[in-house]
Amino acid sequence: MDKVIGIDLGTFNSCVAVMEGGAPVVIANRGGYKVTPSMVAVTEAGKRLVGHIAKRQAVTNAENTVYAAKRLIGRKFDSPQVKNAIATCPYRIVEGPHGDVRVKLRDKVYSIPEISAMVLQEMKLIAEEYLGTDVRKAVVTVPAYFNDGQRQATKDAGAIAGLDVIRIINEPTAAALAYGFGKQMDRTVAVYDLGGGTFDISILEISSQGVFRVVSTAGDTFLGGEDFDQRIIDWLIQGFREEHGIDLRSDRMALQRLKDAAEKAKCELSSVVETEINLPFIISSNRNQALHLQRVLTRAQLEALTADLVDRTIRICEITLEEAGLDKRDIEDVILVGGMTRMPLVQAAVAKCFEREPCKGVHPDEVVALGAAIQGAALVDERQDMVLLDVTPHTLGIMVVGGYFEELIPQNSTVPTSRSKIFTTVRDNQTAVKILVLQGESHRAEENDLLGEFVLTGLRRAPAGQVEIEVTFEIDANGIVSVHAKDLETGKEQSITVTATSGLTQEEIASMVEDARQHAVARRADEQTEKARQEAETLLAQIEKLFPDVEKVVGASEFGRDALDKARAVVSRARSVLERGDGTALAEHVEALQRTHRMFRGVVGRG
């Protein structure tokens, strides 16, 4: 049976897990870290960097280092969230050919799914190193409040990375799966998920029979740790401008240093009451004088700067409880997910909202990936007796006369589901009707997302209101939406399967898949070359250390001199190849060095 990995594709950090021995396990990367920064960079030499290595060079290469790509995925370039990102991010955000969002790194423009694919590919490689085999299938998590376009863009990112994404599941749902896995209990829980870029709240009922039923979900796909960091950055920029009359936003490197310092200060203030932000040589004045930034930020100041952000999450929680028809006293456990939930203000606000202390039994950075791995195993193993009943996070409907939005499937309906409504013609002698399929919560159709459209023709000519048309919406377990329109008089029918788009064409995706495959091949070759280089350097040092002892043993015999000359030649050729950086030839020279090293050890051992 193929292994299915679970990937939490986060805004700040990503995490990968797999089921082993009947239990989910988080896989550490090469550095021993269980989470990997969701950062991608391109160096001056054109080399792609992902994860910790990208984060380490972000300050000196700010313009070509992308972070928080998840906040941009599946969005239109003209959306307010993208305009906000353009104003605050040091990397260049540009418009794609389909009105989508892209980023320019060096001289190449990348789509957001392509950037996310680089992170997913890194997660795939981490899992493959651990498992010792190729990995093809994955369950990838997304914020519960992601719309169809954002979910499809995430799925496209998986395809580009060489993964068959067998299911996209909501992050709070994944966290609840990990929390309830293997436990015999009947509980109603709330999952409060405040991560690096998004916020979700989900209410779930967990039964002792292994059924996980989502009752209600809501969120904000542009509210998270990034916004908390930005408040600190704005505070630092304002203070520096008041002191020196210089706006640090004009310098991309300074902006990246501010971001790093803000994130560090925010994390520190979860355990201490004040911290010093010290950034020497942050920028030069008009008189070429080096200027420094040095300020003390207290926990109380941070809480004052960000209190409204925490309040926004609490208001969403209260609305979600109301929509679920539950009282806060009905919630038996509150599960905290995401790095931002370590903030004391957040924990206190959640405890006050739900009138109970949050559960401390799950790891906020790892629990989502663990849940994804559990779901992945359940999808391929028929013996698993676990049932997951999720909901549609947004209302689905059509546009009706006057430009209004008519709801057919309400938000938080359990999927799969089907709903029908009967509509009539609105004009005399109308022979066709155009069905616009929409997703959103606004009463105005134009303010919601258009998922697709189709036309039902051949209607009987009649006065307005006399011809009846039945419109049926269906959503399957994978969240795929189908819409049917039927003339009830003639039985004539027209339908559409709504396929969400990420803004990429199939040709673009195919090209990106090939680019990613070639990168993976080149990366493996680089890794093999680096491994050979390290082994060659180690062997050379060991051989040279043994030379004096070997010379003593073999003496001045003709055989001994000949063997030593051959050994010196092997060492000389290997050093030459190392200096040239010839990876292809290096492997052969490593074998020669290994033979020489074995011979030297044997000679010294006999002596």
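Keep in mind the model is a prediction, meaning the values are calculated, not measured. Side chains are part of it too, since the values below use all heavy atoms of this structure and drop only hydrogens, waters and symmetry mates.
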Starting at [atom1] of [X], measure out to [atom2] of [Y] and round the result to the nearest 0.5 Å.
X    : Y    : atom1 : atom2 : result
D78  : D100 : CG    : CG    : 11.0 Å
C317 : L321 : SG    : CG    : 7.0 Å
C15  : N29  : SG    : CG    : 9.5 Å
T306 : L302 : OG1   : CG    : 4.5 Å
Q184 : S208 : CD    : OG    : 6.0 Å
T88  : E226 : OG1   : CD    : 7.5 Å

Task: Any pair counted as side-chain hydrogen bond (donor to acceptor under 3.5 Å, both in side chains), so long as it reaches residues 309-319, sequence neighbours left out - done: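 For residues 309-319, and leaving out neighbouring residues, the side-chain hydrogen bond (donor to acceptor under 3.5 Å, both in side chains) pairs sorted by first residue read Y192-T313, D220-R312.
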
Open item on the list: Check for me whether R444 meets the cation-pi criterion with Y404, that is, NZ or CZ under 6.0 Å from the six-membered ring centre and within 45 degrees of the ring axis.
Closed with: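 Cation-pi check for R444 and Y404: passes.
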
TODO: Please confirm whether K70 makes a cation-pi placement over Y67, using NZ or CZ under 6.0 Å from the six-membered ring centre and within 45° of the ring normal.
DONE: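 No, cation not above the ring by the 6.0 Å, 45° rule.
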
Answer yes when [X] and [Y] have at least one side-chain N-carboxylate O distance shorter than 4.0 Å, and no when they do not.
X    : Y    : value
E274 : R299 : no
R167 : D390 : no
K259 : D229 : yes
D365 : K34  : no
K486 : E470 : no
R329 : D327 : yes
K328 : D330 : no
R187 : D333 : yes

Task: Student check: side-chain heavy atoms of Q439 and N448 closer than 4.5 Å - done: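 Not touching, per the 4.5 Å side-chain cut-off.
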
- [ ] Decide yes or no for L389 and V211: does some side-chain heavy atom of the first lie under 4.5 Å from some side-chain heavy atom of the second?
- [x]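 Yes, side chains in contact.
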
If we count only N and O atoms by modelled type, under 3.5 Å, do the side chains of [X] and [Y] hold a donor and an acceptor together?
X    : Y    : value
E323 : T320 : no
E447 : S442 : yes
T395 : E441 : yes
D186 : S207 : no
Q230 : D234 : yes
Y145 : E171 : no
N170 : R151 : yes

Open item on the list: Testing the basics here: between T198 and T221, what is the closest heavy-atom pair and its distance to 0.1 Å?
Closed with: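 Shortest heavy-atom separation between T198 and T221 comes out as CG2-O, 3.5 Å.
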
Open item on the list: Looking at every heavy atom in both S202 and A144, which two are closest together, and how far apart are they?
Closed with: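 Taking S202 first and A144 second, the nearest heavy atoms are OG-CB, 4.2 Å.
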
Open item on the list: Measuring centre to centre across the rings, with the benzene-like ring taken for any Trp, is F473 within less than 6.0 Å of H484?
Closed with: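 No; H484 has its ring centre 6.0 Å or more from that of F473.
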
Open item on the list: For Y33, give me all partners under ring pair (Phe, Tyr, Trp, His ring centres under 6.0 Å), at least two apart in sequence or on another chain.
Closed with: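 Partners of Y33 under the ring pair (Phe, Tyr, Trp, His ring centres under 6.0 Å) test: H52.
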
